Chemist: 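First the structure, which I've put down as structure tokens, then a few questions once you've had a look.
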2 protein chains.
Amino acid sequence: MTQLDPRRKPRQSRSRATVDAILQATAQVLVRDGYQKATTNRIAERAGVSVGTLYQYFPNKDALVVALCEQHSDEMMTLLSASIAELQDATAERATRVIVRAMLQAHAVNPELHEAIISNLPKEKQFEQILAVNAQAEAMVRVFLEHHRERLATDNIDMAAFIVVNTVEALTHAAVIERPDFLGTEELVDEITRLICRYLLK
Amino acid sequence: MTQLDPRRKPRQSRSRATVDAILQATAQVLVRDGYQKATTNRIAERAGVSVGTLYQYFPNKDALVVALCEQHSDEMMTLLSASIAELQDATAERATRVIVRAMLQAHAVNPELHEAIISNLPKEKQFEQILAVNAQAEAMVRVFLEHHRERLATDNIDMAAFIVVNTVEALTHAAVIERPDFLGTEELVDEITRLICRYLLK
DNA sequence: CCCAAATGTGAGGAATCCTTCAGGTTTCAG
DNA sequence: CTGAAACCTGAAGGATTCCTCACATTTGGG
């Protein structure tokens, strides 16, 4: 991996606005044109600055994408942990519902950008931050399963965690991208919660 | 979209072998190096031919990838339809099990290539053939649900189809890539079948 | 064996793209 | 106001990639 740290840190408010504009432009170009056509010149142009300026704050194109991924996954993680925090000692059904709803919210933060990152970025460029979200989710579910172990219909916690995490992730992701019409009501949350609970519990 | 048809059709067995070698090399390079680094020169080199030869049979890089996608999705579709054909009038449970098993088999044909195509190719280059597989799956599930309508726990067939298709697809795909250790026994098929049936049926 | 058609070769042109750098403009502390 | 630091500019160097084309080799029917 090449150098990723910024070459210069913005000190004046003018440059902080510039960095923001560059990151915002990166997201827009990534969504609109895909990673292939997201050239640094095009990003700079959309941000309303010259390429040189871009390279003052990001040593290379990867660093730019990394920064964007970090910003995006931070937003998702913030939403997730907020919901998780408030389900101390909830029933399994209640906890499942809260997590499903939180996943939908997290995916709805910026669906197009999330889609662009997940299924447009080459795998080797999907940096830690993004992958960490899924790892964290898997860990959380594992704790959850251990906690309700005696109510579970299966004793293969490893496989159950795999199934739950991948199912919820896939459904929330697909819904936000392909079926936004499902998001208006609580029905989708109901259905996914039922899917998971019927599978997990005796 | 640019021209995709071959510029010249192979007539002698020598050239048919060449075309095979090129396609095989494309798959290998795509898996090993990713789409970004899969240059036509590198593919030709790996196939043991010169770039010129490659361009005799494929007018451009896209045509090469399209041909590979077609070949791959044909293999998957063949497996799927074979299994579907033999479940005339099966019970819902039996049908679900057969479909889940078929999906796992289809994904196991060439997991690395499938992964490379799905999550490495830019979305705009994931050509018809691949997307058609999912569309076909969705249609099949819809027929299946209509047929067992009176036994279903829900009357929102649209949403149920969405959930079933995306769930099975995500789980089979993830299992083949991330957890090949789940594939030895019938346990994963059991679990996914249970997940789907408990959700769908009263 | 012979030759026209089929097949194969690979250096290099044209087009991009990432990145640099020499020199300009703006800001702000003193 | 002034000068140094911060910030910005954009032409162009160096690298990479797709694809072509003039030419060489191989094949198979007559």
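Side-chain atoms are counted along with the backbone in the values below, which use heavy atoms only and exclude waters and symmetry mates. No experiment lies behind these values; they were computed from the predicted model shown. Here is how names work: the chains are called A, B, and so on, in the same order as the sequence lines, proteins then strands, and each is numbered from 1.
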Chemist: Taking side chain to side chain contact (heavy atoms under 4.5 Å, CB included) as the definition, give me every residue that meets it alongside B/Lys125, ordered by chain and number, with sequence neighbours left out.
Modeler: B/Tyr35, B/Asp62, B/Pro122, B/Phe127

Chemist: Under the side chain to side chain contact (heavy atoms under 4.5 Å, CB included) test, which residues partner A/Val31, sequence neighbours left out?
Modeler: A/Glu112, A/Leu113, A/Ala116

Chemist: Taking side chain to side chain contact (heavy atoms under 4.5 Å, CB included) as the definition, give me every residue that meets it alongside A/Ser83, ordered by chain and number, with sequence neighbours left out.
Modeler: A/Val98, A/Ala102, A/Gln105

Chemist: So how far off straight is the helix from C/dC1-D/dG30 to C/dG30-D/dC1, going by the axes through five pairs at either end, to 10°?
Modeler: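 Taking five pairs per end, the axes differ by 10°.
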
Chemist: Between B/Leu64 (CG) and D/dT17 (C1'), how many Å, whole number?
Modeler: 15 Å

Chemist: Just list the side-chain donor-acceptor pairs under 3.5 Å for residues 16-25 of chain B, sequence neighbours left out, or say none.
Modeler:
unit_1  : atom_1 : unit_2  : atom_2 : d
B/Arg16 : NH2    : B/Arg11 : O      : 3.0
B/Thr18 : OG1    : B/Arg14 : O      : 3.1

Chemist: Taking any atom closer than 4.0 angstrom to a non-hydrogen atom of chain A, what span of DNA chain C does the protein reach, first nucleotide to last?
Modeler: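 First-to-last contact on DNA chain C, by the 4.0 Å heavy-atom rule, is C/dC17 to C/dT27.
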
Chemist: What residue pairs, at least two apart or across chains, pass salt bridge (Lys or Arg N to Asp or Glu O under 4.0 Å) with a residue in residues 100-109 of chain B?
Modeler: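 For residues 100-109 of chain B, and leaving out neighbouring residues, the salt bridge (Lys or Arg N to Asp or Glu O under 4.0 Å) pairs sorted by first residue read B/Arg101-B/Glu186.
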
Chemist: Would you mind building the protein contact string for nucleotides 4-13 of chain D? One character per nucleotide, 5' to 3', B for base within reach (heavy atoms under 4.0 Å), S for sugar-phosphate only, - for untouched.
Modeler: --SBBBB---

Chemist: Do any pairs count as a salt bridge (Lys or Arg N to Asp or Glu O under 4.0 Å) and have a residue in residues 80-96 of chain B, sequence neighbours left out, and if so which ones?
Modeler: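 Those involving residues 80-96 of chain B are B/Glu93-B/Arg151.
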
Chemist: Looking at residues at least two apart in the chain, or sitting in another chain, which of them share a side chain to side chain contact (heavy atoms under 4.5 Å, CB included) with A/Pro111?
Modeler: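 Only A/Val176, A/Ile177 meet the side chain to side chain contact (heavy atoms under 4.5 Å, CB included) criterion with A/Pro111.
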
Chemist: Taking only residues at least two apart or on different chains, which pairs with a member in residues 176-185 of chain A satisfy side-chain hydrogen bond (donor to acceptor under 3.5 Å, both in side chains)?
Modeler: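 The answer is A/Arg179-A/Asp181, A/Arg179-B/Asp158.
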
Chemist: Is the ring centre of B/Tyr199 less than 6.0 Å from the ring centre of A/Tyr199?
Modeler: no

Chemist: Tell me which pairs pass salt bridge (Lys or Arg N to Asp or Glu O under 4.0 Å) where either residue lies in residues 36-53 of chain B, with sequence neighbours left out.
Modeler: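 Residue pairs passing salt bridge (Lys or Arg N to Asp or Glu O under 4.0 Å), neighbours aside: B/Asp33-B/Arg42.
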
